[in-house]
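Both ligands and their constituent atoms are indexed starting at 1 by order of listing. Just so you know, these numbers use all the heavy atoms, side chains as well, and skip hydrogens, waters and symmetry mates. Computed from a prediction, not measured in an experiment: that's the story for all the values here.
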Amino acid sequence: MQQNQTSEPMVLVHGGAGGSRDQDDGCRLAANGGMDRLRGGGTALDAAVAAVVAMEDDGRYNAGSGSVLCLDGQTIEMDASVMDSSGALGAVACIQRVKNPVLVAQAVAGTPHWLLAGEGAERFARSAGFASHHEISQRQRDKHEKLLRTLSGDTQATPGVANSAFARHWNYDTPRAFQPCDTVGAVARGADGSFAVACSTGGSAPSLLGRVGDTPIIGSGFYAGEHGAVAVTGIGEHIVRRLLAHTVYAWIAGGMPAQEAADKGVALFPAEIDVGVIALGRTDAGSASNREMPFAQVPA
Ligand code: ASP
């Protein structure tokens, strides 16, 4: 791996496309925590993961303790991922009852596999020492009530998808509760020119049980390599079709400035699809979103 000894350490954090800039303070705290790890001799991966853990614990973002409720109003399914330029790669999908999915994703990177899903992921978490954790925040209960009201009306809860589709394909073992996105992510660059990305989400709402978005899918929600690191947020079903994170990474690897690559990535999507990108190149950084998106960059 080529490394640039003169790289300026940097951490970028987003709090999800469609969030509020009023929540930049949590991103800044997380990015500063990541930078502290770098300054203390931690790797780029340590920094990205520390930033995402802070966001998962904040409670205002759709990840970890703030994760969105599934349509049954009880279940929480979360996705998370990590990757760095030295080859570390780990992810979890549809994991339940853990506090910090990104830490489980980091632990998966130490197994023979790169992605664990569902019950197997949760069992792995227990055997790796992660305690059982299931807390539903009042904020998410309120959002869920609002979503149920939307699903009962004429406004589409997901652009381009009839509300009735969620009733027709209902796969929860509780009666359906109605009549017919904000993920977090961090990218880090170490002084040695290494790169890392970490992402975590409670998924999107509304969704069927077992739904997996882009966040734990390599090249879609995240990518890191010797030329940079990219984290993506937005509607996963659209993002995976564009392999957005790797597309932006490939542009940066080809010499495009990170800001231009982030802008170009967001421009691939029609306006009604939420999407946001944060990206680091060897000497620069970029961020873009077609919605309000909490964000921080350290150093600014
Ligand atoms: N990308 C996430 C997903 O589709 C949601 C988000 O970024 O808000 O699961």
Residues which pass side-chain contact (heavy atoms from CB on, under 4.5 Å) with A44, listed by chain and number, not counting sequence neighbours: A188, S194, A196
Distance-only N or O hit between ligand 1 and E237, under 3.5 Å: no
Distance filter under 4.0 Å to T215 heavy atoms, resulting ligand 1 atoms: 1 (N), 2 (C)
Main-chain N/O of G59 paired with S137 side-chain donor or acceptor, under 3.5 Å: no
N62 contact mode with ligand 1 (heavy-atom cut-off under 4.0 Å): neither
From V275, T183, V68 - option closest to atom 5 (C) of ligand 1 by heavy atom: T183
Salt-bridge contact D214-R242 (side-chain N to carboxylate O under 4.0 Å): no
Test ring pair (Phe, Tyr, Trp, His ring centres under 6.0 Å) applied to H14 and F295, step by step: CA-CA 4 Å; H14 77 73; F295 170 77; 8.7 Å; no
Residue pairs fulfilling side chain to side chain donor-acceptor pair (under 3.5 Å) with at least one residue in residues 32-57, sequence neighbours excluded: T43-D46, E56-N100, E56-S200, D57-K99, D57-N100
N/O separation below 3.5 Å, A17 to ligand 1: no
Distance filter under 4.0 Å to D214 heavy atoms, resulting ligand 1 atoms: 1 (N), 2 (C), 3 (C), 4 (O)
Note: R126-E122 ion pair, threshold 4.0 Å (strictly below): yes
No-hydrogen, no-angle side-chain donor-acceptor test under 3.5 Å, T201 and T183: yes
Contact atoms of ligand 1, heavy-atom distance to T233 under 4.0 Å: 6 (C), 7 (O), 8 (O)
Residue-ligand contact G221/ligand 1, heavy atom below 4.0 Å: no
Close N or O approach (D79, ligand 1; < 3.5 Å): no
For ligand 1, the portion of M78 having any non-hydrogen atom under 4.0 Å away: neither
Close-contact set for ligand 1 against G203 heavy atoms, below 4.0 Å: 9 (O)
Mutual orientation of the aromatic rings belonging to Y249 and H227 [parallel < 30°, tilted 30-60°, perpendicular > 60°]: tilted
